[in-house]
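Worksheet for the structure shown next.
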Amino acid sequence: MKYLFEVFSAALDKIGAKDVDFLYFEEPKNIDFGDFSTNVAMKLSKQLKKSPIAIANDIINNLEINPDKIFNITVAGAGFINIKLTEKFWTELLSEVLIQGGNFGKSLVGSGKTANVEYVSVNPTGLLHIGHGRNAVVGDTVANLLEWIGYDVTREYYFNNAGNQMKVLADSIYARYMQLFVDKDFPFPEDGYHGDYVKEIATDLYKSFGDKLKTGDFQDLSQIRKFGENWCFQKIKATLEKLNIKQDVFFNEDSLYKDGKIKEVIEYFKNNNLAYEKDGALWLALSQMGLQEDRVIVKSSGEPTYRLPDIAYHREKLERKFDLIIDLFGADHIATYPDVLAALKAMGYDTDKIKVLIHQFVTLTENGEQVKMSKRTGKSYTLDDLIDEVGADVVRFFLLMRSINTHLEFDLSLAKEQSEKNPVFYLQYAHARICSIIDKIKNENHQIIINPDLSVLTNSDEQNLIKHIYKFPSIVLQAANKFEPYILAEYLKEVASAFHTFYHNCRIIGSHLEIASARYALCEATRFVLANGLSILGVSAPEKM
RNA sequence: GCGCCGGUAGCUCAGCUGGAUAGAGCAUCAGCCUUCUAAGCUGAGGGUCACUGGUUCGAAUCCAGUCCGGCGUGCCA
């Protein structure tokens, strides 16, 4: 690509084209058009006052072509320039891949920079459901992608164990505890958590404390609250661990109060006349920061609204001097971030460093029918249940294979399917097949040349596979820059498909030594791409299936 | 009402910094196992790209409007 840019820029200079910042090469949908094509001649039509086709011909006549690299260049259609590279050009790229091996796909664009990715961030009041699963898996994969392009990444979990929700949890646990062990008619709080897990907590609580917590006074409730928090956190962490997710920092909202950070934010806005008191509450003057309406940051009861700690927390992250700060949350939190960003901007921070990623909801379906998974209705389908049912690999892959902007339908019947219908197995199967070949060659002592001449890989299936392999680093970069793991997932399916076709048509064992050796090398390169790609997605790459 | 996301094949989704015949998987139909894993391969059918108008040599893609679905629009988080 770099090579193409160089020769084309030189030719454009020669024909007198100016300010060509729109020169780019794309892969035509139809491979008959070649490996790359450019529409630069069409775009120059106005400037040069000539027909696109004439310009295209001018460009071609002024190109200095290295016949080792470029096979041919043609003008087609309304003025496209199509470029076909030589087989040798591609096979030379392949040897690069083999040298890089497990590092193939990495780049340095983010090296020396730091990133903070905040995800999951569920308060310890319950169990994770599938929507949280999407958040967790996407966040973790975005973090992986950033690491692959060179960032030093901190994975962070933000939680609040002091708010009203925790009180509701404690009340709910207490009610279940009383119902189960003291008085079965004990009233359940109206806004309490109805999930079955609350009964489990109550049962475990009874095992630890027996009848000691019957009074329901402040001291009892605070012990119950702590017990519930630990119980939930342990479960949440265990579920995340099953998905191969481990976060570096667990940031407690409470520390913002203890360290005076909340106070500092309030002071700042008061001192700058951006906060005022009305109806006994403290309002943030967002209307002076470019937004529509002012909002309450401290209620008349003296408690802060979620906005205040959110602002203080993000200020804290900015103060930790990350080059990139990523927040990931579900569509239901969409309203929270414009206020936070506006407030930070008003405090003089560079909010361009903060990228807010919002993923749409997940619906779980089985046999075309929606499965309920709410934690309030009581009948719940947790993320943990899902992992136990279909496995961590399938959960991760299914939650990653769609753009975060779209509603994701998790098809439970398809996920359960241990067959060719399931896209995860398609990928893993390609990897396992390669490992099986490598095994067989080693175990049965088939002869293989160590550094074979790769230029014999000229047939269309081999060439097609090489071209797919070559794209891997740019796919990783693209997925990382757009924060979209699905781009990688889709790509890996294409690689697997190219491999399966190659595998079907090109035998290794039994071919001539030179051919067999070169194909063996191609298999190894493919294996690196699949293994590296799957590891970014956090999906295992089995050697046998 | 306003804001964000979406509306593309029977289903789930790509394609959206404008480009050549709109793609994939599943489903349907028809083929391929004496040879490295058939969880595989090959082929066929299937589309008014929600609708209307505009910009352009050219629109699924950009702009405006309309309709439909999801989420939000709290002194809940």
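Naming: A, B, ... by sequence-line order, numbering from 1 per chain.
- Residue contacts for Lys544(A): at a heavy-atom cut-off of 4.0 Å it reaches a base atom on one of the strands shown.
- Residues from residues 505-518 of chain A placing a heavy atom under 4.0 Å of any atom in RNA chain B, listed by number, are Cys506(A), Arg507(A), Ile508(A), Ile509(A).
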Item to complete: Represent RNA chain B in dot-bracket notation, 5' to 3'. Only Watson-Crick or G-U wobble pairs with both distances under 3.5 Å count; pseudoknot-style crossings use [ ] and interstrand partners use |.
Response: (((((((..((((.....[...)))).(((((.......))))).....(((((..]....))))))))))))....

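- Within 4.0 Å of Tyr486(A), counting heavy atoms only, lie sugar-phosphate atoms of the nucleic acid but no base atom.
- Counting non-hydrogen atoms under 4.0 angstrom, Ala432(A) reaches a base of the nucleic acid.
- If you check every strand for non-hydrogen atoms under 4.0 Å, Phe80(A) touches a base.
- Applying the 3.5 Å distance criterion, the base of rA20(B) shares a donor-acceptor pair with the side chain of Ser37(A).
- Among the protein residues, Ser436(A) comes within range of the nucleic acid bases, having at least one heavy atom under 4.0 Å from a base atom.
- Map Ile437(A) and Lys493(A) each onto its nearest nucleotide of RNA chain B; the residue landing nearer the 5' end is Lys493(A).
- For Arg433(A), the side-chain contact (heavy atoms from CB on, under 4.5 Å) partners at least two apart in sequence or on another chain are Tyr429(A), Phe499(A), His500(A), Tyr503(A).
- No engagement by Glu253(A) is indicated, since no non-hydrogen atom pair under 4.0 Å with the nucleic acid exists.
- The base of rC41(B) does not come close enough to the side chain of Thr501(A) for any donor and acceptor atom to sit less than 3.5 Å apart.
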